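Okay, so here's the structure we're looking at.
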Amino acid sequence: MLFTEEEIRRGMLEVLYKMAKDSPKDPRIGREDLQKAMGITDEVLDANLSRLKEKGLVKAEGDPWLAAYISSKGAQVLDARARSYCPNL
């Protein structure tokens, strides 16, 4: 099954959000763990994480990045989406 970039980014945010909820003291997820959770290639992972970073929805550590976590803005976007009837929020 092929996913759109929007679906991939939404999925990444959801994985990062769950990490933040499950481990609030250390909400980071490693690069390999996020790639495995999403089932996508390095190239797709990097391109979509870069887009989420540009929008201020996630933060990443390292160059190249080794770990990522959801920003407060990213959490707010997911919370608003959960309360909305708009599927494209």
Side-chain angles (χ1 to χ4, degrees):
M1 178 177 209
L2 296 176
F3 295 101
T4 66
E5 287 190 351
E6 181 179 318
E7 291 168 329
I8 291 169
R9 288 191 291 269
R10 188 176 312 130
M12 290 172 73
L13 281 177
E14 289 171 358
V15 168
L16 296 170
Y17 185 81
K18 183 174 181 345
M19 284 294 298
K21 292 292 184 185
D22 292 349
S23 303
K25 292 187 184 218
D26 187 13
R28 296 172 297 171
I29 187 170
R31 175 188 195 87
E32 290 178 12
D33 292 332
L34 183 56
Q35 183 180 11
K36 184 177 177 181
M38 295 299 301
I40 55 179
T41 66
D42 267 343
E43 294 80 18
V44 172
L45 182 71
D46 288 342
N48 284 284
L49 187 84
S50 178
R51 182 74 171 130
L52 291 171
K53 280 176 43 182
E54 288 172 7
K55 290 184 171 192
L57 302 176
V58 301
K59 299 190 181 216
E61 298 174 347
D63 186 23
W65 71 276
L66 300 174
Y69 56 96
I70 195 165
S71 68
S72 59
K73 180 179 177 181
Q76 290 172 352
V77 166
L78 279 186
D79 286 341
R81 190 178 188 320
R83 293 187 305 267
S84 173
Y85 292 107
C86 179
N88 296 318
L89 178 64

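Atoms considered below: every heavy atom in the structure, side chains included; atoms not considered: hydrogens, waters and symmetry mates. Small disclaimer: the values here were computed from a predicted structure and weren't measured.
Nearest approach of Glu5 to Asn48, heavy atoms of both residues: O-OD1, 3.5 Å. Across all their heavy atoms, Ala60 and Lys53 have their closest contact at CB-CD, 3.8 Å. Nearest approach of Tyr69 to Pro27, heavy atoms of both residues: CB-O, 3.9 Å.
A salt bridge links Arg31 and Asp46; the closest N-O separation between the charged side-chain nitrogens and carboxylate oxygens is under 4.0 Å. Here Arg51 pairs with Glu54 in a salt bridge; the nearest charged N to carboxylate O distance falls below 4.0 Å.
Here Thr41 contributes atom OG1 and Gln35 contributes atom CD; the two are 7.0 Å apart, rounded to the nearest 0.5 Å. In this structure, OG in Ser23 is found 8.5 Å from NZ in Lys18, a value given to the nearest 0.5 Å. Taken to the nearest 0.5 Å, the CG atom of Leu16 stands 5.5 Å off from the CG atom of Leu34. One finds the NZ atom of Lys55 at 7.5 Å from the CG atom of Leu52 (value rounded to the nearest 0.5 Å). For the atom pair CG (Leu13) and CD1 (Ile8), the distance works out to 12.5 Å, reported to the nearest 0.5 Å.
For Arg28, the side chain to side chain donor-acceptor pair (under 3.5 Å) partners at least two apart in sequence or on another chain are Asp26, Glu61. Partners of Glu32 under the side-chain contact (heavy atoms from CB on, under 4.5 Å) rule, at least two apart in sequence or in another chain, do not exist in this structure. Checked against side-chain contact (heavy atoms from CB on, under 4.5 Å), Met19 has the following partners two or more places apart in sequence or in another chain: Ile29.
Hydrophobic clustering, with ILVMFWY side chains joined whenever heavy atoms are under 4.5 angstrom apart, groups Ile70 together with Val15.
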**Item:** Step-by-step salt bridge (Lys or Arg N to Asp or Glu O under 4.0 Å) determination, Glu6 to Arg10
**Value:** CA-CA 6 Å; Glu6 181 179 318; Arg10 188 176 312 130; 2.5 Å; yes
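Counting only heavy atoms from C-beta outward, the side chains of Phe3 and Ile40 never approach each other to under 4.5 Å. Counting heavy atoms from C-beta outward, Leu49 and Trp65 have side chains that approach closer than 4.5 Å. The side-chain heavy atoms of Leu45 and Met12, taken from C-beta on, include a pair separated by under 4.5 Å.
Judged by distance alone, with hydrogens and angles left aside, the side-chain atoms of Ser71 form a donor-acceptor pair with the main-chain N or O of Gly56 at under 3.5 Å.
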